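Since the model is a prediction, treat every value here as computed from it, not as a measurement. First the proteins, then the strands, lettered A, B, ... as listed; each starts at 1.
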Amino acid sequence: MAENVKPRVRVPKTAKAGEAVVIKTLISHPMESGQRKDKDGNLIPRQIINRFTCEFEGEMVLDATLEPAISTNPYVEFEAKVPASGSFKFTWYDDDGSVYETTEAITVS
Amino acid sequence: MQLTRRGALALGAGFAATMLLPFGAAQAAVDEALAAFTGGAAIGEGGITLTTPEIAENGNTVPVTVSAPGAVSIMLLAAGNPNPGVGTFNFGPLAASQSATTRIRLAGTQQVIAVAKMADGSFVRTANEVKVTIGGCGG
């Protein structure tokens with residue numbers, strides 16, 4: 001498990017029903033590409049977040065497959081529409097099998 | 001050894017072929033990735049927007065935005081990276097717009113390619129050239 005993995009998500013607190021809201025997500029993760037070498041010339045093994053998903057009350061918003069070409073601390077920004085109050089669930093899948101999750105509530109006025 | 005005109009020409013052709021070889025290999029990897037995504041279907045143009053900086057000073061974090069209204073999924077490729085795959089975005093029923101922004105690594109100046117699969121099963125693509133000052137794949 002990579003150290004100091006911390007997801008950060010920005011979701012507006014409130015929205016109108018059906019309105020498009022911008023969601024910004026970032027997770028601190030080294031995204032070791034498997035191409036770099038250490039001081040002794042040995043390849044550093046690949047360790048990346050290979051999948052990121054965002055769901056709203058069980059319905060899929062975005063399901064992204066990430067490859068080593070995604071930068072360190074992978075950042076993803078996208079838009080979602082919210083039919084009613086509820087919470088977004090964000091999930092990141094690490095190469096080593098770890099799963100990082102966070103949720104964020106939104107109120108529809 | 002005396003260098004004849006014919007010999008010189010052969011040498012030149014051989015040199016040109018070696019220079020083209022790495023490019024050819026990268027192209028093959030891109031074609032393979034495209035074929036895996038489209039299943040061999042023809043790829044059209046238009047209906048997809050890829051926003052990239054013209055010049056990226058740091059190849060480690062290049063901001064990229066891709067948008068294709070009506071797409072179900074969008075694949076990004078970097079033609080000049082050791083592995084051309086960058087990522088695939090699959091949009092669910094609650095996505096307000098078929099667009100996404102992320103930051104990618106680019107090993108050097110190269111083409112960034114975006115291919116979108118539309119809801120009707122057709123494919124469109126676009127490509128942008130990004131000039132990279134410092135490459136971002138370690139080494």
Are [X] and [Y] linked, directly or through other ILVMFWY residues, by side chains that come within less than 4.5 angstrom of each other?
| X | Y | result |
| --- | --- | --- |
| F89(B) | I104(B) | yes |
| M118(B) | V115(B) | no |
| I48(B) | V112(B) | yes |
| F52(A) | M31(A) | yes |
| L76(B) | V62(B) | yes |

Taking the side chain from [X] and the backbone from [Y], do they hold a donor-acceptor pair closer than 3.5 Å?
| X | Y | result |
| --- | --- | --- |
| T102(B) | V76(A) | no |
| T88(B) | A64(A) | no |
| N90(B) | D63(A) | yes |

How far apart are the closest heavy atoms of [X] and [Y], and which atoms are they?
| X | Y | value |
| --- | --- | --- |
| S71(A) | T61(B) | OG-CA, 3.4 Å |
| P68(A) | R105(B) | O-NH1, 2.9 Å |
| G87(B) | E67(A) | N-CG, 3.8 Å |

Heavy-atom proximity to chain B below 4.5 Å, by part of [X]:
| X | answer |
| --- | --- |
| L26(A) | side chain |
| P83(A) | side chain |
| T72(A) | both |

Should the heavy atoms of other residues, nucleotides or ligands under 6.0 Å from [atom1] of [X] be counted, would the total exceed 12?
| X | atom1 | value |
| --- | --- | --- |
| E57(B) | CD | no |
| E54(B) | CD | no |
| R10(A) | CZ | no |

Quiz item: So which part of A100(B) gets closer than 4.5 Å to some heavy atom of chain A, the side chain, the backbone, both or neither?
Solution: both
Self-check item: Derivation and outcome, side-chain contact (heavy atoms from CB on, under 4.5 Å), residues N73(A) and R103(B)
Solution: CA-CA 9 Å; N73(A) 303 338; R103(B) 297 177 189 148; over 6 Å; no
Quiz prompt | Heavy-atom side-chain proximity of E57(A) to L94(B) below 4.5 angstrom | solution = no
Self-check item: Minimum side-chain heavy-atom gap T101(B)-F78(A) below 4.5 Å
Solution: no
